[in-house]
2 protein chains.
Amino acid sequence: MKLSTKSRYAVTAMLDLAIHDRVGPVTLADISQTQGISLSYLEQLFAKLRKQGLVAGVRGPGGGYRLAQPAHEITVASIITAVDENVKMTRCQGSGDCHDGQRCLTHQLWDELSEQLFTFLDGITLDQFANRPEVQQIVRRQQQQHPRPAHPHFIFGRSAA
Amino acid sequence: MKLSTKSRYAVTAMLDLAIHDRVGPVTLADISQTQGISLSYLEQLFAKLRKQGLVAGVRGPGGGYRLAQPAHEITVASIITAVDENVKMTRCQGSGDCHDGQRCLTHQLWDELSEQLFTFLDGITLDQFANRPEVQQIVRRQQQQHPRPAHPHFIFGRSAA
DNA sequence: CTAAACCTGACTTAGAAGGTCGGGAATTGT
DNA sequence: ACAATTCCCGACCTTCTAAGTCAGGTTTAG
């Protein structure tokens, strides 16, 4: 379990996706704009998220990304492990041959720590997270600064024409 | 709160110190041998630990390092924050101006996470840790592979002469 | 005085984070 | 059919930090 800004970017992007996906696929360009993450970097992250079956890409105009699972089934932990495939903190994790073929003094502690983290993050789903009041508030502000016009294709039940 | 091998090295070294300091100061050379950490690197780490008042250096022959506080008052968290002075995980931590002068979506989550970690590590003292059965076992093995003869100066109450 | 230890700071190296670039392949609207 | 839009892919670059090295100090017990 590793915690980097990379992980945070991934979680942020997935959250954005979870919030907006009911109006159709979300483009990486939108996420890039709204969340301030480089487009190319997002592409790298989403490649991994796709391989892990967390999102599905929709090609062509009007396309973008959608969640491949319902938001209440996607945990923050699963997102982080998806983009940071190098789950083991150090050479230690594997089979305990961290030092001279023996396990180092702190091996056990780091294991416990890792588990604490995982348990915490595994208990939070995208769904729960998206519904937090603080998050909602930020989303509203972002809506004003970076409006997301729905693609024409996805307006069919509305009073738009 | 940051978790690197650097932190682990520091905790390992402090643990070694806590275990052996009743027979006098412990040299960095000893720790380097026993724990497999580069001597110069240890010196860097201990410079920081000393500045934070966790250890005290004793110069000259027969010298080394001692704990500057009783082992039951030193927490793992204090060791980690001592060597990783850059406590903030990202630009985010400071005042929440992570993105466009606004706080990013995951700001709150990362804060909570950081706190979870800290609480966990702050609840573990060197003392507690050193007395764990697993740790004791490793120490015994290390004693056989890397015996630590006490310096003559510190043998005065024994049947050594 | 000298050797053992701490102390200091500058330097090097490896690897990862974060980002860029250029070109594809699929799909939709016209 | 065709062009625009989007995902998709891989190579590359830059910057930063962990981790380690090196070369010199300074203090102090014997």
Side-chain angles (χ1 to χ4, degrees), chain A residues 2-10 12-13 17 24-33 35-51 55-66 68 80 83-86 88-91 98-99 149 151-156, chain B residues 2-10 12-13 17 24-33 35-51 55-66 68 80 83-86 88-91 98-99 149 151-156:
Chain A
K2 201 171 137 200
L3 293 175
S4 49
T5 56
K6 189 177 184 178
S7 316
R8 245 208 12 259
Y9 279 173
T12 304
L17 196 53
V26 179
T27 71
L28 292 188
D30 277 348
I31 298 179
S32 170
Q33 285 256 325
Q35 307 302 338
I37 308 172
S38 127
L39 179 58
S40 312
Y41 201 42
L42 278 175
E43 286 182 344
Q44 288 177 33
L45 295 179
F46 273 75
K48 292 182 181 176
L49 293 172
R50 198 173 55 84
K51 274 175 197 154
V55 299
V58 180
R59 292 179 154 188
Y65 277 98
R66 327 199 67 152
I80 294 179
V83 297
D84 267 324
E85 70 282 335
N86 198 17
K88 53 187 168 193
M89 292 258 257
T90 60
R91 59 200 165 189
C98 10
H99 163 226
H151 281 275
H153 181 64
F154 288 93
I155 309 178
F156 30 61
Chain B
K2 202 170 136 200
L3 294 175
S4 49
T5 59
K6 188 178 186 176
S7 317
R8 244 205 14 255
Y9 279 173
T12 304
L17 195 52
V26 180
T27 71
L28 293 188
D30 278 346
I31 298 179
S32 170
Q33 285 257 323
Q35 307 302 338
I37 307 173
S38 131
L39 178 59
S40 311
Y41 200 41
L42 277 176
E43 287 180 343
Q44 287 178 34
L45 295 179
F46 273 76
K48 293 183 180 174
L49 293 172
R50 196 172 56 83
K51 274 176 198 153
V55 299
V58 181
R59 290 181 155 188
Y65 277 98
R66 324 199 69 151
I80 294 179
V83 298
D84 267 324
E85 70 283 336
N86 198 17
K88 53 188 169 192
M89 289 261 257
T90 59
R91 60 199 166 189
C98 12
H99 163 225
H151 280 276
H153 182 63
F154 287 94
I155 310 180
F156 31 61

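A quick note: this is a predicted structure, and the numbers were derived from the prediction, not measured. By convention in this document, chain letters (A, B, ...) are assigned in the order of the sequence lines, proteins followed by strands, and residues within each chain are numbered from 1.
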Distance, rounded to the nearest Å, where [X] contributes [atom1] and [N] contributes [atom2]:
X     : N      : atom1 : atom2 : answer
B/Q44 : C/dT12 : CD    : C1'   : 12 Å
A/R50 : C/dA26 : CZ    : P     : 12 Å
A/L42 : C/dT20 : CG    : P     : 11 Å
A/Y41 : C/dA16 : OH    : P     : 12 Å
B/R66 : C/dC6  : CZ    : C1'   : 15 Å

Remember a base hit wins even if backbone is also touched, and classify B/Y65 as base, sugar-phosphate or nothing at under 4.0 Å, heavy atoms. sugar-phosphate

Mind checking A/L39 for me? I need base, sugar-phosphate or nothing, with any heavy atom below 4.0 Å counting as a touch. nothing

Check B/I31, B/V83, B/I37 against B/Y9 for a side chain to side chain contact (heavy atoms under 4.5 Å, CB included) and give me the one that passes. B/I37

Hey, which of these two, B/A47 or A/V58, hits DNA chain C nearer its 5' end, going by closest nucleotide? B/A47

Selection from C/dC6, D/dC22, C/dT20 that lies nearest to any side-chain heavy atom of A/S40: C/dT20

With a cut-off of less than 4.0 Å, is there a side-chain N or O of B/R8 near OP1 or OP2 of D/dA18? no

So, OP1 or OP2 of D/dT21: does either fall under 4.0 Å of a side-chain N or O from B/S38? yes

Side chain to side chain contact (heavy atoms under 4.5 Å, CB included) partners for A/S32, two or more places apart: A/L39, A/L42

Dump the pairs, protein N or O against N or O of nucleotides 24-27 of chain D, anything under 3.5 Å, distances to one decimal.
residue	atom	partner	partner atom	Å
D/dT27	O4'	B/R59	NH1	2.6

